[in-house]
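This report concerns only the one structure given below.
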Amino acid sequence: MEDQAKHSRRKVLKVGMTALAVIPIVGFSGRAFAKQNTAIRAALKFQGQPNADKQCSKCVNFIVNKDKPTNDETINQCKLYPGDTEIPPHGYCLGFVKKPTT
Ligand code: SF4
């Protein structure tokens, strides 16, 4: 009976240690490769083209890639899309708010 309890405890510990070893890898890889926030893209109906004269580069939420401020590539960000680094200046979504003109 005591042997069985020891064996069971050992098994639980083994499974627990394996789970602890795997969690950081999954967590890291999730952050490292997540470039698009697909849930928010779907919710805000993101599209890669402008909607008439409305586009990301004219939106208050657009965050320009500092290394390439005049780019037209999918290398920018948006305040409404945490973790998404593939926002193009010519994209559009329902979160569009026109930048004030000065
Ligand atoms: S809120 Fe929408 S339109 Fe505005 S920058 Fe973000 S993705 Fe582009």
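Remember, it's 1-based here, ligands and their atoms both numbered in the order they're listed.
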I'd like to know if the side chain of [X] reaches the main chain of [Y], judged simply by a donor and an acceptor atom lying under 3.5 Å from each other, with no hydrogens or angles considered.
X: Q36; Y: T38; result: no
X: K79; Y: V60; result: yes
X: N76; Y: P88; result: no
X: N65; Y: I75; result: yes

- Heteroatoms of the protein, restricted to N/O/S, which lie under 2.8 Å from atom 4 (Fe) of ligand 1: C59 SG
- Given R41 and D84, is the salt bridge (charged side-chain N to carboxylate O under 4.0 Å, His left out) satisfied, shown in steps? CA-CA 9 Å; R41 281 179 179 234; D84 196 317; 2.7 Å; yes
- K68 pairs by side chain to side chain contact (heavy atoms under 4.5 Å, CB included) with which of V64, T70, N71? N71
